[in-house]
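Structure first, commentary second.
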Amino acid sequence: MKDLISRKGKLFVISGPSGTGKGTVCKRIKQDMHMDLSVSMTTREPRKGEVEGRDYFFVTEDEFLENIEQGNLLEHAEVYNHRYGTPRDAVMKKLAMNHNVLLEIDIQGGLQVKRSMPESVLIFLLPPSLKELRKRLSGRGTDAPEVVEERLSKALNEIKLLGEYDYCVVNDNLDDAVMKTESIIRAEGLRVPDKIMPVVRKYEEEE
Ligand code: ADP
Ligand code: 5GP
């Protein structure tokens, strides 16, 4: 049955220090809620197992700069000496189709999205502690020890920007963090719409 209230697609951003579990949580949300996950563009090299077009669009520095120049990116940032950005068109098309879209991006990018699309919803994923963050970064096995240290040293400064976000979820127990993040997405989908008259009219027609 068609929903009484027509829902527009919403843009959700998940950010948090590297190693907190953003990728893990987003993968679960994608499966559970059939949510569209945006695929970013990056200048970094693919990691083992990463697939072009599924994990990232891997591009050269020149290609990335051209995309910025042509206004193709909704936001972009330099993270750990590599460039990352969100292709604008893919996101806009999905929102126009009333699909929710999830961006897993860094905090600088999240703040750019909030500025250009204030109706977007920003969720900050926090690690239970910096000690646990170190464990997760090392345990992931994708980064050299000096890369782990660099990411850890940035974590506290990132956490200091928490106040700019709309929601925060601590990723201690994974199931719990997924459940809380999904609750935020569901609740945001139930907000009173900007235009209430079409809803009121449907009840008036019944009288
Ligand atoms: P991010 O995308 O934020 O950099 P990942 O999703 O890659 O982080 O997770 C970093 C590591 O932590 C991975 O090895 C992942 O399996 C692990 N991890 C994620 N969430 C949890 C959790 N709640 N408890 C324990 N380990 C976790
Ligand atoms: P990784 O190299 O580990 O895949 O990602 C490093 C960081 O870049 C993570 O914090 C991730 O969220 C962020 N990131 C990934 N894609 C984008 C993007 O499109 N824009 C921004 N601003 N950050 C991104």
Side-chain angles (χ1 to χ4, degrees), residues 11-31 36-59 63-64 67-68 72-91 101-117 120 122-144 147-148 150-159 161 164-165 168-182:
L11 186 58
F12 293 89
V13 171
I14 295 200
S15 306
S18 180
T20 301
K22 299 180 298 291
T24 311
V25 168
C26 288
K27 207 168 138 198
R28 286 272 301 270
I29 293 173
K30 189 183 174 194
Q31 285 164 0
D36 284 315
L37 203 54
S38 159
V39 178
S40 297
M41 194 176 281
T42 183
T43 57
R44 85 150 159 75
E45 291 294 313
R47 292 189 188 124
K48 203 164 160 253
E50 283 185 331
V51 174
E52 163 75 17
R54 184 194 68 186
D55 299 291
Y56 281 106
F57 295 107
F58 297 98
V59 296
E63 286 168 335
F64 198 98
N67 274 286
I68 297 178
N72 294 343
L73 300 179
L74 178 60
E75 60 73 36
H76 61 89
E78 194 171 317
V79 192
Y80 305 115
N81 306 319
H82 298 294
R83 294 179 188 272
Y84 295 82
T86 303
R88 183 193 302 276
D89 274 6
V91 171
V101 181
L102 186 57
L103 306 184
E104 185 215 316
I105 62 176
D106 91 310
I107 294 144
Q108 311 165 63
L111 299 183
Q112 287 175 46
V113 171
K114 193 71 182 177
R115 271 196 297 276
S116 60
M117 299 174 72
S120 57
L122 269 56
I123 304 169
F124 202 107
L125 199 63
L126 283 163
S129 64
L130 292 180
K131 194 170 159 215
E132 174 64 18
L133 185 63
R134 177 189 293 275
K135 223 167 105 186
R136 287 185 192 172
L137 277 168
S138 312
R140 184 163 67 177
T142 51
D143 302 297
V147 175
V148 168
E150 189 193 6
R151 292 184 176 213
L152 265 172
S153 71
K154 294 237 166 83
L156 185 57
N157 279 338
E158 293 177 321
I159 291 169
L161 293 169
E164 306 290 328
Y165 272 59
C168 65
V169 172
V170 178
N171 181 20
D172 193 346
N173 174 277
L174 180 62
D175 286 340
D176 193 43
V178 169
M179 189 268 290
K180 285 177 178 161
T181 311
E182 291 181 350

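As the structure lists them, so they are numbered: ligands from 1, and atoms in each ligand from 1.
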Side-chain (Ser38) to main-chain (Val91) donor-acceptor, under 3.5 angstrom: no
Give me the residue, atom name and distance of the protein heavy atom closest to atom 8 (O) of ligand 1. Gly21 N, 3.1 Å
To which of Thr142, Asn171, Val170 does the heavy atom nearest atom 20 (N) of ligand 1 belong? Asn171
When rounded to the nearest 0.5 angstrom, what is the spacing between CG in Asn171 and NZ in Lys180? 10.0 Å
Hey, does the side chain of Glu50 reach the backbone of Arg47 with a donor-acceptor pair shorter than 3.5 angstrom? yes
Under a 3.5 Å cutoff, is there a donor and acceptor pairing between the side chains of Thr142 and Arg140? yes
So does Glu45 have more than 12 non-hydrogen atoms from other groups sitting under 6.0 Å from CD? no
For Thr20 against Pro17, the heavy-atom pair lying closest together: OG1-O, 2.6 Å
Between Lys30 and Glu104, does any NZ, NE, NH1 or NH2 come within less than 4.0 Å of an OD or OE carboxylate oxygen? no
Leu174 neighbourhood, listing ligand 1 atoms whose heavy-atom distance to it stays under 4.0 Å: 23 (N)
closest protein heavy atom to atom 24 (N) of ligand 1 is Arg136 NH2, 3.2 Å
Note: ligand 1 atoms sitting under 4.0 Å from heavy atoms of Asp172 are 22 (C), 23 (N), 24 (N)
Could you list each nitrogen or oxygen of ligand 2 that sits under 3.5 Å from a protein nitrogen or oxygen, with the atom names and the distance?
| unit_1 | atom_1 | unit_2 | atom_2 | d |
| --- | --- | --- | --- | --- |
| ligand 2 | 2 (O) | Arg44 | NE | 2.7 |
| ligand 2 | 2 (O) | Arg44 | NH2 | 3.4 |
| ligand 2 | 2 (O) | Arg47 | NH2 | 3.4 |
| ligand 2 | 2 (O) | Tyr84 | OH | 2.5 |
| ligand 2 | 3 (O) | Arg47 | NH2 | 2.8 |
| ligand 2 | 3 (O) | Arg151 | NH1 | 3.2 |
| ligand 2 | 4 (O) | Arg44 | NH2 | 2.8 |
| ligand 2 | 4 (O) | Tyr56 | OH | 2.6 |
| ligand 2 | 5 (O) | Tyr56 | OH | 3.4 |
| ligand 2 | 16 (N) | Ser40 | OG | 3.1 |
| ligand 2 | 19 (O) | Ser40 | OG | 2.6 |
| ligand 2 | 19 (O) | Glu75 | OE2 | 3.3 |
| ligand 2 | 19 (O) | Gly85 | N | 3.4 |
| ligand 2 | 19 (O) | Gly85 | O | 3.1 |
| ligand 2 | 19 (O) | Thr86 | OG1 | 3.4 |
| ligand 2 | 20 (N) | Glu75 | OE1 | 3.3 |
| ligand 2 | 20 (N) | Glu75 | OE2 | 2.7 |
| ligand 2 | 22 (N) | Glu75 | OE1 | 2.8 |
| ligand 2 | 22 (N) | Asp106 | OD1 | 2.6 |
| ligand 2 | 23 (N) | Asp106 | N | 3.0 |
| ligand 2 | 23 (N) | Asp106 | OD1 | 3.4 |

Options Arg28, Arg140, Lys22, Glu104, ranked by nearest heavy atom to atom 13 (C) of ligand 1, top entry: Arg140
By the definition side chain to side chain contact (heavy atoms under 4.5 Å, CB included), identify the one residue from Asp143, Leu137, Val147, Leu152 that meets it with Ser18. Leu137
Does Gly19 reach ligand 1, in the sense of a heavy atom lying below 4.0 Å from it? yes
Looking at Ile14, Thr24, Leu133, the heavy atom closest to atom 19 (C) of ligand 1 belongs to Thr24
Closer than 4.0 Å to some heavy atom of Gly23 - which atoms of ligand 1 meet that? 1 (P), 2 (O), 6 (O)
Go through the structure and list residues passing ring-ring contact (aromatic ring centres under 6.0 Å, His included) with Phe58, not counting sequence neighbours. Tyr56
Between Ile14 and Lys22, what is the shortest heavy-atom contact and its length? O-CD, 4.1 Å
Any donor-acceptor pair under 3.5 Å from Thr43 side chain to Val59 backbone: no
Which ligand 1 atoms are under 4.0 Å away from a heavy-atom of Ser18? 4 (O)
